[in-house]
Amino acid sequence: MSRRWIYYGLVIFALFNPVVSAATAPPRPHILLAIADDWSFGHAGVYGCKWVKTPHFDRIAREGILFQRAYTPNAKCSPSRAALLTGRNPWQLGAGANHFCYFPAEFSTYPEVLERHGYFVGMTAKGWSPGVALDAAGRSRDLAGKRFDLHALTPPTTGILPIDYAANFRSFLDAAPSEQPWCFWFGAGEPHRDYEEGSGVQYGGKKTEMIDRVPACWPDDEVIRNDMLDYAVEVEWFDAQLGKMIAELAARNLLDSTWIIVTSDNGMPFPRMKGNTYDGSNRLPLAMRWPAGIQNPGRVEDGYVSLIDLAPTIIEAASLTEKDHGMAAMTGRSLSDIFADVPDRKTRDQVILGRERNDVGRPNDLGYPTRGIVRENFLYLKNYAPDRWPAGNPETGYLDADAGSAKTHVLNSRKNGCDPRFWQACFGKRPAQELYNLTEDPDCMMNLAEDLKSAQTMAKMSTRLFEELKQQGDPRIIEGGEPFEKFPNAEGPMVDYHRRFLQGDAGLAPWARSTDYEPIIPSPYSSD
């Protein structure tokens with residue numbers, strides 16, 4: 001439940017000083033949310049990464065809070081962004097649980113609410129996407145704010161979008177009335193694929209030996225390492241644009257009155273990462289800077305937080321009550337206790353994850369339903385349809401995995417008779433239950449679900465997961481997930497893609513390569 005931001009001073013700070021005036025509550029801040037497209041946790045200098053340079057993200061972390069265990073509830077663009085914008089888990093958003101959906105008109109987003117309550121609201125580039133968002137009267141909705149997209153540039157690589165994010169932000173600030181607080185969404189298109197192959201070395205001046213560790217789900221060779229370096233260049237481009245926005249705020253004397261939030265929507269667009277439900281899929285970079293609202297800056301927060309916690313925090317910072325904002329009840333918890341640095345605050349000991357239909361390519365446009373929980377550095381997953389292909393069907397190109405060098409390389413490794421573990425990890429079918437010790441196995445390669453020594457841990461985690469999902473009214477638990485399977489795909493050319501492709505009525509998917517399409521392959525978990 002949201003509370004007035006004044007309670008932040010009256011209640012939380014009262015733990016330190018029982019006599020606190022309402023004047024101690026920070027004023028309504030300006031808000032800059034910078035969200036990268038497909039950026040994984042750990043890939044920033046402040047996290048100790050040597051092959052991705054992020055000086056501006058690092059500054060935000062040093063002058064505010066760096067989060068070590070931030071997660072998205074769904075590792076795909078539109079359901080992840082829907083969760084961030086509404087404060088609700090995707091399975092609480094009806095069709096909004098699915099990628100490329102028709103966003104339900106009944107759910108308001110925090111930018112829409114802020115605009116109704118005195119904020120000047122805008123965005124550039126990628127907001128809530130992909131999908132179709134209309135109001136009850138059929139009018140188009142900009143879920144993240146009014147668009148400021150006029151300025152373009154010539155990017156350094158063909159993989160980077162020709163959008164001048166910083167210039168668009170300047171235009172927004174020029175348009176913002178001086179007497180109003182504002183909220184801006186910087187939705188970068190990087191490091192989403194495609195990449196210009198070799199750009200990490202040629203443009204970024206990087207070397208493959210700079211990478212200290214390749215995830216165990218891929219071959220550790222020059223192909224994979226170069227693909228990772230190409231990804232790194234695009235992360236660095238995002239960070240550079242953030243730096244220009246920080247400089248613009250400083251030049252206008254707005255930096256210290258602005259709450260800056262920097263994060264991503266899901267993990268990197270590589271096999272077994274983006275679109276899946278593993279630590280590399282859902283765990284995200286997150287840092288915030290807000291001098292007026294964050295006590296004792298320079299801290300590192302180890303508690304579990306979710307993207308659904310951002311909307312209630314923003315609403316609270318804007319001094320809006322539940323009656324004021326009128327949004328559907330938010331499941332996320334305000335981060336104000338973390339901002340206040342209360343020593344005995346309630347423990348944040350878990351996050352809930354899930355997935356329905358990400359991309360199409362299975363018969364009848366079916367998804368890959370999964371629910372999971374991260375707790376005490378273990379990850380438990382329940383796969384509700386282990387007979388389905390988790391990355392999409394082979395004959396339609398494994399469309400839940402973005403095309404790129406890594407995907408092609410892993411698929412070729414099986415075709416060439418190399419170690420089958422890489423293909424199995426990235427594309428093979430999975431058992432009904434999975435359990436991973438994230439301390440010992442951060443890449444989630446050693447499934448402990450059948451390990452008798454882990455039976456008690458798995459039982460506790462599954463019980464906790466299903467209790468939480470029942471409380472949240474998850475249709476996957478209560479109704480068997482039938483509603484999710486029936487929500488239509490909003491991407492017209494891809495509707496009923498599996499059938500139409502096999503009948504010769506559909507071409508290759510725009511995000512796939514011809515070599516991604518393969519014959520049906522036997523699985524150890526199913527006879528088909």
Side-chain angles (χ1 to χ4, degrees), residues 34-72 75 188 190-191 200-201 204-218 220 224-243 246 260-270 272-274 278-289 294 296-307 338 348 351 374 376-379 406 436-445:
I35 180 168
D37 197 356
D38 303 354
W39 178 28
S40 280
F41 169 79
H43 297 160
V46 74
Y47 287 124
C49 185
K50 303 299 184 185
W51 52 279
V52 185
K53 306 297 184 183
T54 55
H56 307 293
F57 177 81
D58 299 351
R59 176 188 175 181
I60 297 300
R62 288 194 308 270
E63 298 177 2
I65 299 177
L66 177 67
F67 292 82
Q68 291 281 9
R69 291 186 173 91
Y71 287 78
T72 176
E190 294 78 34
V201 173
K206 299 180 180 297
K207 298 181 180 179
T208 56
E209 55 265 30
M210 296 171 64
I211 297 174
D212 59 335
R213 192 182 75 86
V214 172
C217 54
W218 315 321
D220 185 354
I224 295 295
R225 284 173 173 260
N226 272 294
D227 205 19
M228 293 172 69
L229 295 182
D230 296 347
Y231 153 86
V233 164
E234 297 213 0
V235 174
E236 292 174 358
W237 180 260
F238 164 75
D239 186 75
Q241 308 319 299
L242 171 65
I246 293 172
I260 301 176
I261 307 165
V262 190
T263 190
S264 175
D265 55 359
N266 46 252
M268 61 197 303
F270 283 61
R272 200 175 167 87
M273 299 295 178
K274 174 185 176 181
Y278 296 115
D279 208 58
S281 317
N282 294 68
R283 192 176 178 186
L284 304 176
L286 176 63
M288 302 181 190
R289 181 188 189 274
I294 293 176
N296 304 320
R299 290 184 281 125
V300 176
E301 171 61 35
D302 288 324
Y304 291 100
V305 301
S306 172
L307 288 188
I338 294 176
R348 294 174 181 264
V351 287
V374 185
E376 296 177 349
N377 231 28
F378 277 83
L379 168 64
Y436 300 98
N437 182 331
L438 298 178
T439 302
E440 300 176 359
D441 179 25
D443 297 328
C444 300
M445 294 291 286

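All figures in this text were calculated on a predicted structure; none of them were measured in a lab.
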> CD1/Ile35 to CG/Leu284 distance, rounded to the nearest 0.5 angstrom?
Replying inline: 8.5 Å
>> So, using side-chain contact (heavy atoms from CB on, under 4.5 Å) as the criterion, who are the partners of Ala287 when residues are at least two apart?
In response: Phe57, Ile60, Ala61, Leu66
> Side-chain contact, heavy-atom cut-off 4.5 Å: Asp38 with Pro269?
Replying inline: yes
> For His56, what residues pass the ring-ring contact (aromatic ring centres under 6.0 Å, His included) criterion, not counting sequence neighbours?
Replying inline: none
> Which atom names give the shortest non-hydrogen contact between Phe67 and Tyr47, and what distance separates them?
Replying inline: O-OH, 2.7 Å
> Any side-chain heavy-atom pair from Arg283 and Tyr278 closer than 4.5 angstrom?
Replying inline: no
>> If I compare all heavy atoms of Leu379 with all of Cys444, which pair ends up nearest, and what's the gap?
In response: CD2-SG, 3.9 Å
> Taking the side chain as C-beta and beyond, is there a heavy-atom pair between Arg299 and Ile294 under 4.5 Å?
Replying inline: yes
> Can you tell if the side chain of Ile338 reaches within under 4.5 Å of the side chain of Arg348, non-hydrogen atoms only?
Replying inline: yes
> Side chain of Arg225, backbone of Thr208: donor and acceptor closer than 3.5 Å?
Replying inline: yes
>> Determine whether the aromatic ring centres of residues Phe378 and Tyr436 are separated by less than 6.0 angstrom.
In response: no
> Are any side-chain N or O atoms of Trp237 and backbone N or O atoms of Gln241, one a donor and one an acceptor, separated by less than 3.5 Å?
Replying inline: no
> Is a side-chain donor or acceptor of Thr72 paired with a backbone partner of Asn282 at a separation under 3.5 angstrom?
Replying inline: no
>> Run Leu286 and Val262 through side chain to side chain contact (heavy atoms under 4.5 Å, CB included) and show every step you take.
In response: CA-CA 6 Å; Leu286 176 63; Val262 190; over 6 Å; no
> Would you say Asp37 and Asp265 make side-chain contact, with heavy atoms under 4.5 Å?
Replying inline: yes
> So which heavy atom on Trp39 is nearest to which on Val235, and how close?
Replying inline: NE1-CG1, 3.4 Å
> Got a sec, which residues hit side-chain contact (heavy atoms from CB on, under 4.5 Å) with Glu236, two or more places apart in sequence or on another chain?
Replying inline: Val52, Lys53, Lys206
> When you look at Ile260 and Met288, which way does the side chain to side chain contact (heavy atoms under 4.5 Å, CB included) test go after all the steps?
Replying inline: CA-CA 5 Å; Ile260 301 176; Met288 302 181 190; over 6 Å; no
>> Working to the nearest 0.5 angstrom, can you tell me the gap between Phe41 CZ and Cys49 SG?
In response: 10.5 Å
>> Under the rule for ring-ring contact (aromatic ring centres under 6.0 Å, His included), what residues qualify as partners of Trp218, not counting sequence neighbours?
In response: Phe270
> Tell me, do Cys217 and Met273 make a side-chain contact under 4.5 Å, heavy atoms counted?
Replying inline: yes
> Do the side chains of Met228 and Val214 get nearer than 4.5 Å, heavy atoms only?
Replying inline: yes
> Heavy-atom distance under 4.5 Å between the side chains of Tyr71 and Leu307, does that happen here?
Replying inline: no
>> For Pro285 versus Thr263, what's the shortest heavy-atom pair and its separation?
In response: O-OG1, 2.8 Å
>> Please report the interatomic distance CD1(Ile224) to CG(Asp220), rounded to the nearest 0.5 Å.
In response: 9.0 Å
>> Show, in sequence, the C-alpha distance, side-chain angles and deciding distance for Ile211 and Leu229, and conclude whether the side chain to side chain contact (heavy atoms under 4.5 Å, CB included) test is met.
In response: CA-CA 8 Å; Ile211 297 174; Leu229 295 182; 3.8 Å; yes
> Step by step, would you call His43 with Met268 a side chain to side chain contact (heavy atoms under 4.5 Å, CB included)?
Replying inline: CA-CA 10 Å; His43 297 160; Met268 61 197 303; 3.6 Å; yes
>> Using 0.5 Å steps for rounding, measure from the CG atom of Leu242 to the OG1 atom of Thr54.
In response: 9.5 Å
>> How close do Met445 and Ala216 get, counting heavy atoms only, and between which atoms?
In response: CE-O, 3.6 Å
> side-chain contact (heavy atoms from CB on, under 4.5 Å) with Asn377: which residues, sequence neighbours excluded?
Replying inline: Arg69, Tyr304, Leu438, Thr439
> Mind checking what makes salt bridge (charged side-chain N to carboxylate O under 4.0 Å, His left out) contact with Glu63, not counting sequence neighbours?
Replying inline: Arg59, Arg289
> Looking only at heavy atoms, what is the nearest atom pair of Gly280 and Ser40, with distance?
Replying inline: O-OG, 3.5 Å
> Should Asp212 and Lys50 count as an ion pair when the cut-off is N to O under 4.0 Å?
Replying inline: no
